[in-house]
Every structure is written in C-alpha cells, then in structure tokens.
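Residue numbers start at 1 and run along the sequence shown.
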Amino acid sequence: MRSWISVIRRLSSRQVLLGSTLAVVLLSAALTLLFVVVPRRLPGGALVVPQDFPTIQAALVHATPGTSIVVQARRGPYTGPLEIHTEDVSLFSVGGRALLQGAGAAPAILVRADGVTVRGFVVEGGEVGLRIQDAAQALLRDISITGVRVGVELVGAYGVTLTNLDLDVTGTGIEIASSGGSVFRDIRIVGPARTGIALTGSWANLIEVVTVTDVQVGISLAEGCDENKILSCQLKRCAISGIEIAHSAGNSVAKNAIDQCAIGILLQSATESTVNGNQIANSAERGIQAYESDQNTIADNAISTCKKAGIALLGGESNTIRDNVITACAGPGLSLESTTGNLVLFNHLERNVIGAKATYTRRTRLLRNTVRGNSLAGMVLEQSEGNLFSDNLVTDNPFGVALIGARENQLLRNVITDSSEEGVSLLNLAKNNLIGGNRLEGNGVGVLLASSPLNTVVENSMVDNGTAVKLFLSGLGTRVEANSITGNKLGIEIAATLDREQMILRVLEVELLREGESDSSLAITNNVFSRNEGFDILNQ
C-alpha cells in the first residue's frame with residue numbers, strides 16, 4: 001500500500017515540476033518577444049520606427065518638443081536625408097547602430113533646432129554625413145560616418161557636443177564655420193582626406209582626444225578663430241601639417257602627439273597663442289614653425305628627429321621660446337630668421353646639427369639654455385644685431401658660438417667648454433660685439449677674431465684651451481682686456497695668415513673676408529697670464 005502511495009506522490013511532483021518549467025519557458029519567450037519589438041526602458045511617449053512610423057522622417061514630422069524617436073537597428077537599413085526642425089528631439093537607435101544611407105548633395109542628417117540629441121547611427125554615402133545649422137546645445141554621439149566628402153558640418157552652431165565619432169571621408173572630417181562654445185571629443189578621422197578638422201571664424205571650441213591619420217592637414221584654425229583649445233590629440237602622417245593656425249589669436253595647443261607630419265605645428269600670422277607640452281617627432285621639415293607671428297609662447301615641447309629644424313621662427317616679434325627639449329634634428333634645433341625681440345629661455349638643444357641659428361635677427365635674448373653635443377655648432381649668429389646671449393651652457397660642440405657678420409651683440413657669463421675647434425668665433429666683419437665674463441675651457445681656440453674689428457673681449461676666464469685668443473686682421477678698436485688666461489697651450493696669438501679650413505666657414509661654404517685692418521692697433525691690456533705652456537703672447 002505504501003509503495004503505491006510513493007509512486008502517486010512522485011508522479012504528482014513531476015507534473016508540478018513540468019508545469020512550473022513550462023510556465024517559466026512561456027513567460028521568458030513572451031518577454032523576449034516583447035523586448036525585441038519594444039526595447040527596455042523606453043522614454044514615455046517614444047515613437048518607434050518602424051513600428052509606429054514606417055520611416056524616420058515620418059516620425060520626425062510628427063514629433064513635438066521633448067519627443068524621443070527610437071530606431072530599431074535590425075529593421076534597417078534606413079534612407080536619408082533626415083531633417084530635424086523640432087526642439088529637444090532625441091533620435092537614437094537600439095539593438096546596435098542603425099544604418100542610414102545618404103544620397104545626393106543634401107546632408108544625410110540635418111539638425112536645425114536647439115537641444116537635439118542624435119545617437120547610435122552608421123551613416124554611409126552622400127555628400128555630407130551630418131550638418132548642424134543655426135542650432136545650439138545639440139548632442140551627437142556614437143556615430144560612424146563613411147563614404148562621404150564631408151563628415152560633419154557646423155554652421156552658426158553653438159554649444160554642440162560631438163563625442164565618440166568615427167569618420168572615414170574623402171574631403172574634410174569636420175568643417176566648423178562661425179560656430180563657438182562646442183566640444184569635439186573622442187573622434188577618429190582617417191583619410192584620404194584634405195583636412196581632419198577645419199575651423200574658420202569660430203571661437204572658444206574645445207578639440208580633445210581626437211585622432212587624425214593620413215590627411216593633408218590634421219587640424220586647421222583660420223581667419224579669426226580665437227580662444228580655441230586643441231588638447232591631447234594624436235596626429236600622424238599629415239602631408240602638410242599636423243596643426244595649423246592662421247590669422248587667429250589666443251588659441252591653445254597643448255599635450256598633443258604629432259608624428260611624421262611635414263610640419264608638426266604651423267603658426268601663420270597667429271598672435272597671443274600658446275603651444276605647450278606637445279610631443280613632435282619625425283617631421284619631414286620642421287617640428288614647429290611660426291611665420292610672421294607675434295607674442296606667442298612655445299614652451300615645454302619635446303621635439304626630435306626633424307629633417308630641417310626643431311623650432312623655426314620666420315619674421316614676427318616678441319615670441320617666447322622656453323623650456324623646450326629639441327634633439328637629433330638634421331638642421332638647427334632652433335632657427336630664428338628676420339625676427340625681433342624674442343625671448344629664448346631654459347631650452348635644451350642637444351644632438352642637432354646646430355643648436356640654435358639666428359639670421360637677420362634683432363634684439364633677441366637667449367638666456368640660460370643648455371646647448372650640448374650638436375654635430376657642428378652650438379650657436380650661430382649671421383648678420384644679426386643687438387642680441388644678448390647670456391648665462392648659457394655650451395658644451396661638446398665642434399664650434400661653440402660663431403658670430404658671422406653680426407654686430408652689437410653681447411655674449412655674457414656663458415660657460416663654453418670642450419669645443420674641438422673654436423669656443424667663440426667672430427668672423428667676416430662681426431663688429432662692436434662684447435665678449436665678457438664668460439668661462440672658456442677645454443676648447444681648441446677659446447676666442448677667434450678674424451676680419452672683425454671694433455670688438456671687446458673682456459674679463460673672461462680662459463682655461464686649458466689650445467689657444468686662449470687668436471687674432472687675424474682684428475684691426476682698429478679691438479680690445480682684449482682684463483682676461484684671466486691660465487693653463488692654455490698658448491695665450492694670445494696674433495696670426496699673420498689664417499686658413500678658412502680652420503673655421504666654421506668651411507662647413508657653411510662661406511669665404512673668409514680679408515677686409516679687416518692690420519692688428520697693429522690692437523689694445524691688449526691688463527690680462528693675467530698663468531701657467532700657459534707656450535707663449536703668453538705670440539705675434540706672428
């Protein structure tokens with residue numbers, strides 16, 4: 001009897017279990033079906049495409065301010081163009097990114113209302129992927145645009161945020177005109193494209209964490225783009241320039257990584273801008289170039305392996321170049337040409353061909369720089385006047401500091417050591433220069449004056465050089481006075497002949513002028529000689 005009761009109980013338990021399991025399965029299937037058709041947590045009153053409206057544009061036409069339009073990605077593709085004219089509309093896809101196919105010249109998506117949100121689309125084809133015109137406070141995110149000429153256009157827009165975009169375009173990634181106060185963050189742009197991001201007449205925008213690869217110009221600001229910021233971007237293989245600022249003021253370019261661009265950062269008629277903390281490498285021409293640009297600050301940048309120059313200033317005035325590290329460039333680390341009134345301070349110029357070169361440069365101060373291990377020279381001034389070179393360390397360069405045809409410059413309190421040739425050279429009618437208070441140690445020649453009258457060499461410490469001072473046709477008005485000349489092989493040599501091959505001129509392919517006066521009127525006075533191996537003064 002008990003065995004039959006046990007059997008009946010087991011059968012009853014199995015029926016209950018089977019019934020419960022079947023109920024759970026049916027409920028799960030129903031919920032799954034429900035959420036395939038209508039996604040979870042939809043905003044109240046949301047319009048679902050294609051469930052409520054067959055097309056996205058039809059839903060947009062019926063939308064009122066504050067409406068959310070949900071596009072089911074799996075039911076696509078969808079066709080554009082789309083136009084949004086209603087404020088505070090949200091358009092987003094569920095189940096992945098919905099594919100929107102554009103065609104013709106009209107933008108695939110046109111936003112002409114304030115407070116619009118567009119999220120989660122793939123846009124393919126057409127002339128323009130997305131345009132925001134005369135609208136404010138739009139948010140566009142999680143969008144991929146491909147196969148178009150222009151990815152995104154902003155015209156007369158304000159306070160727009162674009163984030164997490166992928167753009168593969170044939171022309172320009174993002175074009176911004178007469179727009180301000182917008183944020184462009186976490187964007188990736190690849191070519192072949194003319195420009196990654198191009199701004200004209202736009203202000204106070206933030207471009208941050210943007211990657212641009214294989215374009216002509218990475219990021220361009222032109223024609224009255226003021227107070228914009230370009231931060232933490234990566235720009236690679238730009239055929240013309242990584243970042244370009246023209247005819248604009250007050251912009252900031254900071255903490256960007258720029259590699260294999262012809263010019264890393266180009267300033268053209270740019271004023272009061274800051275280029276700070278960037279890393280620039282492998283530029284086919286120059287790391288940073290400023291042309292006719294005034295009152296800019298270029299600071300704390302790391303620049304290496306440029307083919308022509310690390311930083312080049314051509315024209316312009318009153319720029320500050322400070323705390324940069326410039327290494328391994330195939331030309332000058334710093335090049336100044338036809339500039340006026342610059343401050344060059346605390347830079348490290350190492351392992352370039354020339355540390356710094358100034359041509360036709362006036363009233364520039366070069367202070368407290370470290371110029372080390374350059375393959376030709378530490379500093380070259382050609383046809384430059386009124387400059388101050390003070391408190392610098394110049395060491396381990398074949399030629400330390402060379403003044404060629406340069407006038408009225410001052411070299412004060414520098415430490416110039418271990419030049420295998422000359423520590424300081426004044427050549428080819430370099431006149432009225434003051435060489436004072438420097439320490440010249442371990443050089444082949446401490447100071448060389450050749451065909452250069454009216455200079456003063458005063459109160460320098462000259463120790464352990466091959467020749468402390470060498471003079472050739474230094475002529476009327478030259479004074480060598482109150483120097484400490486100690487432990488050199490030769491103190492002062494007045495040479496009857498001088499070969500160009502012994503000077504930096506041979507490398508620069510410049511002939512030695514022989515227009516100076518004889519050395520018969522030299523003033524050599526009040527110098528202190530001690531422990532020189534040969535003559536204190538040798539008149540050839």
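- At most 12 heavy atoms of other shown residues, nucleotides or ligands fall within 6.0 angstrom of atom CZ in R141.
- Here the shortest heavy-atom pairing between T86 and P65 reads CG2-N, 3.5 Å.
- Under the 4.5 Å side-chain criterion, counting only non-hydrogen atoms from C-beta, L345 is not in contact with T320.
- The OH atom of Y360 lies 9.0 Å from the CD atom of E337; values are rounded to the nearest 0.5 Å.
- At least one donor-acceptor pair under 3.5 Å links the side chain of S273 to the backbone N or O of T271.
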**Q.** Worked check of side-chain contact (heavy atoms from CB on, under 4.5 Å) between R351 and N374
**A.** CA-CA 4 Å; R351 295 183 288 111; N374 299 282; 5.5 Å; no

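- A pairwise comparison of heavy atoms in S293 and A290 identifies CB-CB, 4.2 Å as the closest pair.
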Q) Checking side-chain contact (heavy atoms from CB on, under 4.5 Å) for the pair L130/V123: CA distance, chi angles, key distance, verdict? A) CA-CA 9 Å; L130 172 65; V123 179; over 6 Å; no

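- Side-chain N or O atoms of T195 include none that pairs as donor or acceptor with a backbone N or O of A198 at under 3.5 Å.
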Q.
Before you tell me yes or no, could you show the steps for K255 and E208 under salt bridge (Lys or Arg N to Asp or Glu O under 4.0 Å), namely the whole-Å CA-CA distance, both residues' side-chain angles and the distance that decides it to 0.1 Å?
A. CA-CA 10 Å; K255 299 180 181 180; E208 185 177 24; over 6 Å; no

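- Checking T339 against N342 by side-chain atom types alone, a donor-acceptor pair falls below 3.5 Å.
- Residues T340 and T361 have side chains not in contact (no heavy-atom distance under 4.5 Å, counting atoms from C-beta outward).
- Rounded to the nearest 0.5 angstrom, I197 CD1 and F184 CZ are separated by 7.0 Å.
- Defined by atom type and a distance below 3.5 Å, a donor-acceptor pair is present between the side-chain atoms of S390 and R413.
- In terms of modelled atom types and a separation under 3.5 Å, the side chain of S202 and the main chain of S179 share a donor-acceptor contact.
- At least one side-chain heavy atom of V253 sits under 4.5 Å from a side-chain heavy atom of I245.
- Judged by a 6.0 Å distance limit and a 45° cone about the ring axis, R322 is not positioned over the six-membered ring of F346.
- Under the side-chain hydrogen bond (donor to acceptor under 3.5 Å, both in side chains) criterion, E153 pairs with R131, sequence neighbours left out.
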Q) Taking it one step at a time, do M379 and L366 satisfy side-chain contact (heavy atoms from CB on, under 4.5 Å)? A) CA-CA 10 Å; M379 174 72 188; L366 299 102; 3.8 Å; yes

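- With N319 as reference, L313 is the one residue of V344, L313, T364 to meet the side-chain contact (heavy atoms from CB on, under 4.5 Å) rule.
- Contact between I288 and I303 at its shortest, heavy atoms only, is CD1-CD1, 3.7 Å.
- Between the side chain of N347 and the main chain of N324, a donor-acceptor pair closer than 3.5 Å is present.
- Taken to the nearest 0.5 Å, the CG atom of L508 stands 6.0 Å off from the CG atom of L376.
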Q) Passes side-chain hydrogen bond (donor to acceptor under 3.5 Å, both in side chains), T163 versus R185? Steps please. A) CA-CA 5 Å; T163 181; R185 180 182 289 120; 5.7 Å; no

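- Few gaps surround CD on E292; more than 12 heavy atoms of other groups in view lie less than 6.0 Å from it.
- Side-chain contact between I243 and I258 is present, with heavy atoms from C-beta onward closer than 4.5 Å.
- Looking only at side-chain heavy atoms (C-beta outward), I187 and L162 come within less than 4.5 Å of each other.
- Within the 4.5 Å cutoff, the side chain of V380 has heavy atoms near those of the E382 side chain.
- In this structure, the side chain of N256 does not engage the main chain of N278 through any donor-acceptor pair within 3.5 Å.
- The closest donor-acceptor contact from the side chain of N438 to the backbone of L411 lies under 3.5 Å.
- Taken from SG in C261 to CG in L266, the straight-line distance is 11.5 Å, to the nearest 0.5 Å.
- For the pair I207 and C233, the tightest heavy-atom approach, listed with the atom from each and the gap, is O-SG, 3.8 Å.
- Here the side chain of Q295 pairs no donor or acceptor atom with the backbone of E317 at under 3.5 angstrom.
- Side-chain contact annotation: R407 with N387, donor-acceptor N/O pair under 3.5 Å absent.
- Once rounded to the nearest 0.5 Å, the distance linking CG of D300 with CG of N276 reads 5.0 Å.
- Rounding to the nearest 0.5 Å gives a distance of 8.0 Å between CG of D88 and OG of S90.
- The only member of L82, L140, I56 that meets side-chain contact (heavy atoms from CB on, under 4.5 Å) when paired with I109 is L82.
- One N or O on the side chain of N433 and one on the backbone of N409 form a donor-acceptor pair closer than 3.5 Å.
- Within the 4.5 Å cutoff, the side chain of S182 has heavy atoms near those of the L154 side chain.
- In this structure, F53 places its CZ atom where more than 12 heavy-atom neighbours from other residues, nucleotides or ligands lie under 6.0 Å away.
- P50 approaches Q72 most closely through the heavy-atom pair CD-OE1, 3.4 Å.
- A salt bridge does not link R372 with D396: none of the charged nitrogens is closer than 4.0 Å to a carboxylate oxygen.
- Atom CD of Q383 is surrounded by more than 12 heavy atoms from other residues, nucleotides or ligands within 6.0 Å.
- A donor-acceptor distance shorter than 3.5 angstrom exists from the side chain of N251 to the backbone of N228, with no hydrogens or angles considered.
- The side-chain heavy atoms of I219 and L235, taken from C-beta on, include a pair separated by under 4.5 Å.
- Of the possible polar contacts, one joining the N414 side chain to the F389 backbone as a donor-acceptor pair under 3.5 Å is found.
- Residues S335 and A309 share a closest heavy-atom pair of CB-CB, 4.2 Å.
- Under the side-chain contact (heavy atoms from CB on, under 4.5 Å) test applied with N352, the options T305, V371, I326 reduce to a single match, I326.
- Using a cut-off of 4.0 Å between Lys/Arg side-chain N and Asp/Glu carboxylate O, R119 and D142 are scored as not salt-bridged.
- Within 6.0 Å of NE2 in H247 there are more than 12 heavy atoms belonging to other residues, nucleotides or ligands.
- A salt bridge is absent between R112 and E87; no separation between the charged side-chain nitrogens and carboxylate oxygens falls under 4.0 Å.
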(Q) Between I321 and I311, does the side-chain contact (heavy atoms from CB on, under 4.5 Å) criterion hold? Intermediate values first, please. (A) CA-CA 9 Å; I321 315 296; I311 297 175; 4.0 Å; yes

